[in-house]
Visitor: 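Sharing a structure, written as structure tokens. Questions coming.
Note: hydrogens, waters and symmetry copies are ignored here, and every other heavy atom, side chains too, is used. Because the structure is a prediction, the values reported are computed rather than measured.
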Amino acid sequence: MSSEARDAEKVAGVPSDVHQQNQQHQQSPEPHHNDEEPPPNLHPLPPLDTSPRGWLAVCGGFACLFVSFGWITCIGVFQAYYTTHQLRDYSASTIGWIPSVETFMLFLGVPIFGGLFDRLGPTVILIIGTILHVGGLLGVANCRTYGQIFAAQSIVSAMGTGAIFVAGTTAVGTWFHARRGLALGLVSAGSALGAVIGTAVIPVLFDRIGFPWTMRAVALTYFVLLIIAIATTSRRPHAASSSPASFRVSRLVPVSLLQPGPVLTLAIACFFYFLGVFIPYNYLVVEAEDAGDGQHSANNLLVILSATSTVGRVMPGWLGDRYGRFNTTIAFTFFSVFLVFCVWIAAPWKSGRIAFAALYGFGSGTFVSMVPTLIAQVCPDMSKLGLYLGAVYLVIAPSVLIAQPVAGVLADAGDGYRRDHYIWLKVFCALAMAVGIVGFLAARAAYQGHTRKLLKTDRV
């Protein structure tokens, strides 16, 4: 194969194992059959996009995202509960570190388990994640002090969600190329459904069966779903062209992959995007309660937001396969920024919050489905997809940790603004995502090879 053809296929996003198959087919002589040496390639690689095992992995990935990102998205209900129950003697900002660190640990787990995924595969990673996540939730059921809850929920359980998220998304990404956006969109719909059910059911269970048994019920439900995920999730085999690289500790923190180019630019864009995108998920309910909407009415905003994000996580993937994944991500991110400025800021009353929750859930759903899809698109070697996924999320993780404390400071700074106490928090949210849009434009230009023309685009 000529160098020009290889370059064209690399730009088109053809996986490396497809190159290897083509080269073997074109260059290898007719195999010599004898009794001592079996002919090579007796077991051809499963097809991309159409393999039943790939679509079965989508089902497993759906379950993985239900119990990992779905759980993380709905943990906002714990802030209000802890404030009036186990941790009522602590300030709201101190309690807020529990969900903040929990989200951070999920993202921090991605580089750790991403490197292990390439070596061990999804099954081992899912077993580890199941033990940590389910075990952590069972531990939370028996916790009484701040330190106990923080360790069980924000550290142990959260690291498990990171392992589960990596296994579900990375395994599915190896099975698809032309339909990768749709496949990962369907997988990410699991997180939206998990968030809807969690935000609607968990507060009701708190009142009916109490906190300990609610946590045990959640742990049992997640355990069943994870057994299904372990049974159905697999990764596509790679062409046996070389022996796997020896394991090194540095693979757990793959900073070396962040070289100038589309991968680093995409990571920086995602940092700013995630700096703002989660703020409405945590502060929309707080704003509604401060405005006197009532706890039940305020919690319904999170249910609405999570419900509409189901469509917002599937549709961008479907559109991305047809019109370009970078193009789709940029369009939906711009729509989210528009909603913050023109709805959340412009209409700080009950009807405005309901409209914003419904529309923002649809627009912001891209943060689960499209980011892994973009990472797979810029990844030059699909056998190292876990490493590249980890490298990008290593950059994202600090933004998730600092976003909520910064938002809290900005919320306090708006106390003197009569019309809307949360005005500066909302402006920060919109500006952070706006910088992310510029980053996505730069990453798209770097991927296409013309870094000085941000607005020039093809179907990428």
Visitor: Give the C-alpha distance, both sets of side-chain angles, the deciding distance and a yes or no for side chain to side chain contact (heavy atoms under 4.5 Å, CB included) between Tyr82 and Phe211.
Guide: CA-CA 10 Å; Tyr82 287 149; Phe211 180 84; 3.7 Å; yes
Visitor: Please name the pair of heavy atoms, one in Thr328 and one in Pro316, separated by the smallest distance, quoted to 0.1 Å.
Guide: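 The pair with the smallest heavy-atom distance is CG2-O, 3.4 Å.
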Visitor: Once rounded to the nearest 0.5 Å, what's the spacing between atom OG of Ser309 and atom CD1 of Ile304?
Guide: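 Those atoms lie 12.0 Å apart.
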Visitor: Search all heavy atoms of Ala219 against all heavy atoms of Leu137 and return the closest pair with its distance.
Guide: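 Minimum heavy-atom contact is CB-CB, 4.0 Å.
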Visitor: Taking the side chain from Gln148 and the backbone from Arg144, do they hold a donor-acceptor pair closer than 3.5 Å?
Guide: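 Checking the backbone N and O of Arg144 against the side chain of Gln148, a donor-acceptor pair under 3.5 Å is found.
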Visitor: Going by the rule side-chain hydrogen bond (donor to acceptor under 3.5 Å, both in side chains), which residues pair with Asp321 if we only count those two or more places apart in sequence or in a different chain?
Guide: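 So Asp321 forms a side-chain hydrogen bond (donor to acceptor under 3.5 Å, both in side chains) with Arg325.
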Visitor: Could you measure the distance from the CG atom of Leu116 to the CG atom of Leu387? Nearest 0.5 Å is fine.
Guide: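 Atom-to-atom, Leu116:CG and Leu387:CG are 9.5 Å apart.
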Visitor: Check whether any side-chain heavy atom of Ile330 sits under 4.5 Å from a side-chain heavy atom of Arg444, and report yes or no.
Guide: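 A side-chain contact under 4.5 Å exists here.
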Visitor: Can I get a per-line list of side-chain donor-acceptor pairs under 3.5 Å for residues 226-233, giving both atom names and the distance, sequence neighbours left out?
Guide:
from: Thr232; atom 1: OG1; to: Gly60; atom 2: N; distance (Å): 3.4
from: Thr232; atom 1: OG1; to: Ile228; atom 2: O; distance (Å): 2.9
from: Thr233; atom 1: OG1; to: Ala229; atom 2: O; distance (Å): 2.8

Visitor: Step by step, would you call Leu389 with Phe117 a side chain to side chain contact (heavy atoms under 4.5 Å, CB included)?
Guide: CA-CA 10 Å; Leu389 192 75; Phe117 176 92; over 6 Å; no
Visitor: For side-chain hydrogen bond (donor to acceptor under 3.5 Å, both in side chains), just list the numbers for Asn142 and Arg216, CA-CA rounded to whole Å, side-chain angles, deciding distance to a tenth of an Å, and then say yes or no.
Guide: CA-CA 10 Å; Asn142 300 309; Arg216 293 174 188 132; 2.9 Å; yes
Visitor: Between Ser306 and Val303 (side chain of the first, backbone of the second, donor and acceptor by atom type, cut-off under 3.5 Å), is there such a pair?
Guide: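 Here the side-chain-to-backbone pair does not exist.
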Visitor: To the nearest 0.5 Å, tell me how far Phe223 CZ sits from Ile131 CD1.
Guide: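 It comes to 9.5 Å.
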Visitor: Are any of the side-chain heavy atoms of Thr214 and Val201 separated by less than 4.5 Å?
Guide: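 Not touching, per the 4.5 Å side-chain cut-off.
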Visitor: Going by the rule side-chain hydrogen bond (donor to acceptor under 3.5 Å, both in side chains), which residues pair with Trp175 if we only count those two or more places apart in sequence or in a different chain?
Guide: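 Counting only residues at least two positions away or on another chain, Trp175 forms no side-chain hydrogen bond (donor to acceptor under 3.5 Å, both in side chains).
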Visitor: Could you check whether any side-chain heavy atom of Leu284 comes within less than 4.5 Å of a side-chain heavy atom of Leu302, counting everything from C-beta outward?
Guide: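 Side chain of Leu284 against side chain of Leu302, heavy atoms only: no contact under 4.5 Å found.
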Visitor: Quick one: does Thr174's side chain have a donor or acceptor within less than 3.5 Å of a partner on Arg236's backbone?
Guide: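 Such a contact is found between Thr174 side chain and Arg236 backbone.
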Visitor: Would you give the length of the straight line joining atom CE of Met215 to atom CG of Leu205, rounded to the nearest 0.5 angstrom?
Guide: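 It comes to 11.0 Å.
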Visitor: So how far is it from Leu359 CG to Leu305 CG, rounded to the nearest 0.5 Å?
Guide: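 Reported to 0.5 Å precision, the distance equals 10.0 Å.
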Visitor: Name all pairs fulfilling the side chain to side chain donor-acceptor pair (under 3.5 Å) condition that reach into residues 219-231, sequence neighbours left out, sorted by first residue then second.
Guide: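 Output for this query is empty, none listed.
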Visitor: I'd like to know whether CZ of Phe335 has more than 12 heavy-atom contacts from other residues, nucleotides or ligands below 6.0 angstrom.
Guide: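 Counting other residues, nucleotides and ligands, CZ of Phe335 exceeds 12 neighbours.
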Visitor: Tell me, which pairs form a side chain to side chain donor-acceptor pair (under 3.5 Å) where one or both residues lie in residues 345-365, sequence neighbours left out?
Guide: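 Qualifying pairs: Tyr281-Ser364, Asp293-Arg353, Trp349-Ser351.
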Visitor: Are Leu266 and Phe440 packed together at the side-chain level, in the sense that at least one heavy-atom pair is separated by less than 4.5 angstrom?
Guide: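 Answer yes - side chains close enough.
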Visitor: Show the nearest heavy-atom pair for residues Cys429 and Gly276, with the distance to one decimal.
Guide: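 Minimum heavy-atom separation between Cys429 and Gly276: SG-O, 3.2 Å.
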Visitor: Would you mind listing every ring pair (Phe, Tyr, Trp, His ring centres under 6.0 Å) that reaches into residues 87-106, with sequence neighbours excluded?
Guide: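 Every pair satisfying ring pair (Phe, Tyr, Trp, His ring centres under 6.0 Å) with a residue in residues 87-106: Tyr90-Tyr146.
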Visitor: Looking only at heavy atoms, which two atoms of Val395 and Phe271 are closest? And how far apart?
Guide: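 The pair with the smallest heavy-atom distance is O-CD1, 3.2 Å.
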Visitor: Which residues satisfy the side-chain contact (heavy atoms from CB on, under 4.5 Å) test with Ile345, sequence neighbours excluded?
Guide: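 Result, side-chain contact (heavy atoms from CB on, under 4.5 Å) vs Ile345: Val340, Phe341, Ile423, Lys426, Val427.
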Visitor: Taking the inter-plane angle between the rings of Phe274 and Phe278 on a 0 to 90° scale, is it parallel (under 30°), tilted (30 to 60°) or perpendicular (over 60°)?
Guide: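 Tilted: the ring planes of Phe274 and Phe278 meet at 30° to 60°.
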Visitor: Would you say that more than 12 heavy atoms from the other residues, nucleotides or ligands in this model lie under 6.0 Å from the CE of Met159, or not?
Guide: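 Enclosed: over 12 neighbouring heavy atoms sit under 6.0 Å from CE of Met159.
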Visitor: Among residues two or more places apart or on two chains, list those pairs meeting salt bridge (Lys or Arg N to Asp or Glu O under 4.0 Å) that have a residue in residues 150-179.
Guide: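 Applying salt bridge (Lys or Arg N to Asp or Glu O under 4.0 Å) to every pair that reaches into residues 150-179, excluding sequence neighbours, yields nothing.
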Visitor: For Ala397 and Leu108, which heavy atoms make the closest approach, and how far apart are they?
Guide: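 Looking at all heavy atoms of both residues, the closest pair is CB-N, 4.0 Å.
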Visitor: Report yes if some heavy atom in the side chain of Phe356 is under 4.5 Å from a heavy atom in the side chain of Pro348; otherwise report no.
Guide: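 In short, these two side chains do not touch, never coming nearer than 4.5 Å.
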Visitor: Quick one: does Thr308's side chain have a donor or acceptor within less than 3.5 Å of a partner on Ala358's backbone?
Guide: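 The answer is yes, because a donor-acceptor pair under 3.5 Å joins these two groups.
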Visitor: For Ser157, give me all partners under side-chain hydrogen bond (donor to acceptor under 3.5 Å, both in side chains), at least two apart in sequence or on another chain.
Guide: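 With sequence neighbours excluded, Ser157 shows a side-chain hydrogen bond (donor to acceptor under 3.5 Å, both in side chains) to His133, given in chain and number order.
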Visitor: Is Val438 close to Phe272 at the side-chain level, that is, under 4.5 Å between some pair of heavy atoms?
Guide: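 Counting from C-beta outward, Phe272 and Val438 never come under 4.5 Å.
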Visitor: Starting from the C-alpha separation in whole Å, work towards a yes-or-no answer on ring pair (Phe, Tyr, Trp, His ring centres under 6.0 Å) for Phe78 and Phe206.
Guide: CA-CA 10 Å; Phe78 287 89; Phe206 283 160; 5.7 Å; yes
Visitor: Please examine the side chains of Tyr393 and Ile375, heavy atoms only from C-beta on, and report whether any two atoms are closer than 4.5 Å.
Guide: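 The answer is yes; the side chains approach within 4.5 Å.
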Visitor: Show every side chain to side chain donor-acceptor pair (under 3.5 Å) that has at least one partner inside residues 190-212, sequence neighbours left out.
Guide: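 Output for this query lists Ser191-Arg313.
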Visitor: Could you walk me through whether Tyr447 and Leu374 pass side chain to side chain contact (heavy atoms under 4.5 Å, CB included), step by step?
Guide: CA-CA 10 Å; Tyr447 178 71; Leu374 292 177; over 6 Å; no
Visitor: With side chain to side chain contact (heavy atoms under 4.5 Å, CB included) as the criterion, how do Val314 and Ser188 come out once you've worked through the C-alpha distance, each side chain's angles and the decisive distance to 0.1 Å?
Guide: CA-CA 7 Å; Val314 178; Ser188 66; 5.5 Å; no
Visitor: Looking at every heavy atom in both Ala407 and Leu425, which two are closest together, and how far apart are they?
Guide: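 Answer, listing the atom of Ala407 first, then Leu425: O-CD1, 3.3 Å.
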Visitor: Suppose we call two aromatic rings close when their centres sit under 6.0 Å apart. Are Trp55 and Phe176 close by that rule?
Guide: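 Trp55 vs Phe176: aromatic centres under 6.0 Å.
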Visitor: Evaluate the side-chain proximity of Ile155 to Val101: yes if any heavy-atom separation is below 4.5 Å, no if none is.
Guide: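 A side-chain contact under 4.5 Å exists here.
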Visitor: Would you list the atom pairs, donor with acceptor, under 3.5 Å between side chains in residues 67-74 and any protein atom, with sequence neighbours excluded?
Guide:
from: Ser68; atom 1: OG; to: Cys64; atom 2: O; distance (Å): 2.7
from: Trp71; atom 1: NE1; to: Glu102; atom 2: OE2; distance (Å): 2.7
from: Thr73; atom 1: OG1; to: Phe69; atom 2: O; distance (Å): 2.7

Visitor: Would you please name every residue forming a side-chain hydrogen bond (donor to acceptor under 3.5 Å, both in side chains) with Tyr273, sequence neighbours left out?
Guide: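 Partners of Tyr273 under the side-chain hydrogen bond (donor to acceptor under 3.5 Å, both in side chains) test: Thr366.
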Visitor: Rounded at 0.5 Å granularity, tell me how far CE in Met370 sits from CZ in Phe332.
Guide: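 One gets 9.0 Å once the value is rounded to the nearest 0.5 Å.
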